[in-house]
Every structure is written in C-alpha cells, then in structure tokens.
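I have placed the structure first, in the form of structure tokens, so that the comments after it can refer back to it.
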Amino acid sequence: MKKLSEVCKITGVTRRALQEYDRIGLISPTDRTEAGYWLYDDAAVQKIILIQIFVEVGYERKAIKKVLEGPQENILIEMKKMIGELEAKKKRIDGMINTLNTILLPEKLPMATLVALSNIDPSMLSRMYKDGSFKDYLETSIDQSASYTDEEKKEAEEYMPFYYHLLAIGSCIGKNPKSKLVQACVKDFYEYMINMDGIADPNENWYDKEHLDEMDEVMSELLAKDSELREMIDSQAGDGAADYIIEAFKIFKKIQIK
C-alpha cells in the first residue's frame, strides 16, 4: 500500500485532484489507516495513471468514469478511438500552423512592398472569398495545408512571397506607375526574383538589358497566360491590376537601361 503523498509523487496528480476524484466517485482510496490517512494499492495507482491519460487528452471526468465503470475491453476501444481523434486534431493543428506561417510570410518583405500591401482596400480582400466567407476560405486553407510535405512547405514559402510582391505592385493601381513607391516595389520584386534560388552571382550585372528583357518577357507571359494568377491579383488588388504590373515593370526596365 502507498500513502497519499507517495501516490502524488508517483503519478504527478495533486492531493486536491485525488480528493476530487474521490468526491465524484472516479476513484477512492483502497484503504485507510487507523489515523485516517489514505492508502492506495498498485491497481489503484495504475488506475490513476490511466485516468491521467484520459484527462490529458481532454476527456471530462464524467466521461472517464463511464469508461472505467464499463467492461475492461471498453478501455481499449476508447483508447483506439482516442488515437483517431488525436490524429484528426494533429492534422488540423498542422494545417493551422502551416496557414499561420503563410500569413506571417509578409513580415519578411522589404519595407516598400509592405507599405504598398497596407494600402489594399479591405473591401477588395472579400472578393477572394467569392460566394463563400472568410471562414470557408480559412477552412479550405487549413485542410489543404494540413498534409503538406516538407517539399510542399518549401514551395509555399517560395510562392507566397512571389505572390505578395506582385500583389503589392498591383495594389498601387491608380497611382502613376513611374512613382517612387511603385518603382521601389518593382525593384524589390526584381531583386527577389534574382535571389530566389539563392545562387545568384553577386558579381554579375543583373541590371543590364539582357537580364531585364528576359524578366520582362517572363512576367508578361506569366501574367498573360496564367489565368488563375491574373484573376487572383485582379480580385484582390483591383480590376486591371495584372496589366498594371506589366506596365510598371516595362517602365522599370526603361529606367534601368537609360
């Protein structure tokens, strides 16, 4: 037999918790000394440990009591059910973590790009939800990102800054594309593209006509042919934003070549 203090030390359960378990009939002391001190046998200690497993998972005490009062095989059935519920929770938590990491990616963007993004009309953002709601959009994002592989996480981390850069430029629609803010955003984007793979030669002149023409061609083709990307930018930054980005980059190229 073990004293109450020993049981608390072995199981990590507080004296108050054991008193509460006794009060609600979840588990009571096996015996008492003549002085009234509580004693627990090994079976009772094992039962307390089992109770703590259910408590840790989130079971309410009434539910735990119901399981423990049933046939022994019910405990094993409940544990298998518990594993399934935990796997589902883990998947959702993974999806939430991946979604939050995506949301936080803009904090690493250059200042000019961040300033431009902050100017997006909040009412425009609701257009991305189409016929649904933000809740629907968030649930879809969580579900899709829940099972991301490491490679898919890496792709998301690379793609989202790319998209945010474009969105920042597009969000300036209505401003003169020659303005300092717009051209600073284009420059940020251009430098991001140069350094995206991390192997750009710092000694190479990336602002010569050849490189600028190549990037101009890539961007014009991408925004012209990728209808999904074009639609996303126009829906969030404003109609015509994709064409505005193309125009802003062409002006950037001319300024750099002069």
Side-chain angles (χ1 to χ4, degrees), residues 91-92 94-110 112-114 116-175 177 182 185-198 212-253:
K91 184 176 180 180
R92 181 167 180 81
D94 286 343
M96 292 175 70
I97 290 172
N98 292 333
T99 298
L100 287 171
N101 281 331
T102 300
I103 292 172
L104 289 174
L105 284 174
E107 70 175 356
K108 300 177 182 178
L109 296 174
T113 299
L114 283 174
L117 282 173
S118 69
N119 290 327
I120 294 179
D121 183 349
S123 65
M124 297 296 294
L125 295 177
S126 62
R127 294 175 60 178
M128 68 189 293
Y129 313 139
K130 297 183 179 179
D131 297 328
S133 64
F134 173 73
K135 183 179 179 181
D136 297 329
Y137 176 81
L138 182 61
E139 285 296 325
T140 300
S141 177
I142 291 173
D143 288 343
Q144 289 178 343
S145 63
S147 302
Y148 272 1
T149 62
D150 289 342
E151 185 62 30
E152 288 171 327
K153 288 180 186 177
K154 183 179 179 181
E155 288 177 2
E157 289 173 359
E158 291 177 350
Y159 176 76
M160 291 311 297
F162 164 81
Y163 178 72
Y164 284 134
H165 274 287
L166 288 179
L167 185 60
I169 301 170
S171 68
C172 295
I173 189 169
K175 299 181 184 295
V182 177
C185 288
V186 176
K187 185 175 185 292
D188 286 344
F189 172 71
Y190 184 65
E191 291 181 350
Y192 167 77
M193 292 296 289
I194 291 171
N195 296 293
M196 188 167 61
D197 57 12
L212 288 162
D213 281 344
E214 182 179 353
M215 186 67 74
D216 182 19
E217 183 179 347
V218 168
M219 291 311 305
S220 296
E221 185 174 348
L222 177 65
L223 289 170
K225 293 186 176 181
D226 191 332
S227 58
E228 183 178 356
L229 175 62
R230 188 182 183 89
E231 181 182 351
M232 287 174 61
I233 291 173
D234 282 358
S235 68
Q236 292 182 296
D239 294 331
D243 289 331
Y244 178 83
I245 294 170
I246 295 174
E247 180 187 2
F249 192 85
K250 289 185 180 301
I251 292 173
F252 173 77
K253 182 179 72 170

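Residue numbers run from 1 in the order of the sequence given.
- Qualifying salt bridge (charged side-chain N to carboxylate O under 4.0 Å, His left out) partners for Lys187, counting only residues two or more places apart in sequence or in other chains: Glu191.
- Using a distance-only test at 3.5 Å, with no hydrogens or angles considered, a donor-acceptor pair links the side chain of Ser235 to the main chain of Met232.
- Under the salt bridge (charged side-chain N to carboxylate O under 4.0 Å, His left out) criterion, Asp143 pairs with no residue at all, not counting sequence neighbours.
- Annotation: side chain of Asn101 is in contact with side chain of Ile97 (closest heavy-atom distance under 4.5 Å).
- Leu229 is listed as a side-chain neighbour of Tyr163, based on a closest heavy-atom distance under 4.5 Å.
- No side-chain heavy atom of Ser147 sits less than 4.5 Å from a side-chain heavy atom of Glu152.
- Residues satisfying the ring-ring contact (aromatic ring centres under 6.0 Å, His included) test with Phe189, not counting sequence neighbours, are Phe162.
- Between Ser141 atom OG and Asp136 atom CG the span is 12.5 Å, to the nearest 0.5 Å.
- A pairwise comparison of heavy atoms in Met160 and Thr102 identifies CG-CG2, 3.5 Å as the closest pair.
- Enclosure of atom CD in Glu107 by more than 12 non-hydrogen atoms of other residues, nucleotides or ligands within 6.0 angstrom is indicated.
- The neighbour count for Met96 CE, taken as heavy atoms of other residues, nucleotides or ligands under 6.0 Å away, does not exceed 12.
- Side-chain atoms of Phe252 and Asp216, non-hydrogen and from C-beta on, never get closer than 4.5 Å to each other.
- Side-chain contact between Val186 and Ile251 is absent, with no heavy-atom pair separated by less than 4.5 Å.
- Not one N or O on the side chain of Ser171 forms a donor-acceptor pair closer than 3.5 Å with the backbone of Ala237.
- Looking at every heavy atom in both residues, Gly174 comes nearest to Tyr244 through N-CE1, 4.3 Å.
- Between Ile173 atom CD1 and Asp243 atom CG the span is 8.5 Å, to the nearest 0.5 Å.
- Closest heavy-atom contact between Ala241 and Ile233: CB-CG2, 3.7 Å.
- Rounding to the nearest 0.5 angstrom, the gap separating the CD1 atom in Ile169 from the CG atom in Asp188 is 8.5 Å.
- Interatomic distance, Glu217 CD to Met215 CE, rounded to the nearest 0.5 Å: 11.5 Å.
- Without hydrogens or angle criteria, Tyr190 side chain to Phe249 main chain gives no donor-acceptor distance under 3.5 Å.
- Remark: Ile245 CD1 to Ser220 OG distance equals 11.0 Å, nearest 0.5 Å.
- Nearest heavy-atom pair across Val182 and Cys172 is CG2-CB, 3.6 Å.
- Remark: Glu214 CD to Lys253 NZ distance equals 11.5 Å, nearest 0.5 Å.
- Between the Asn98 side chain and the Asp94 main chain, a donor and an acceptor come within less than 3.5 Å of each other.
- The two residues Ala242 and Leu223 come nearest to each other via the heavy atoms O-CD1, 3.7 Å.
- Taking all atoms of both residues into account, the shortest heavy-atom contact from Lys91 to Ala146 is O-CB, 3.2 Å.
- Side-chain atoms of Leu117 and Tyr164, non-hydrogen and from C-beta on, do get closer than 4.5 Å to each other.
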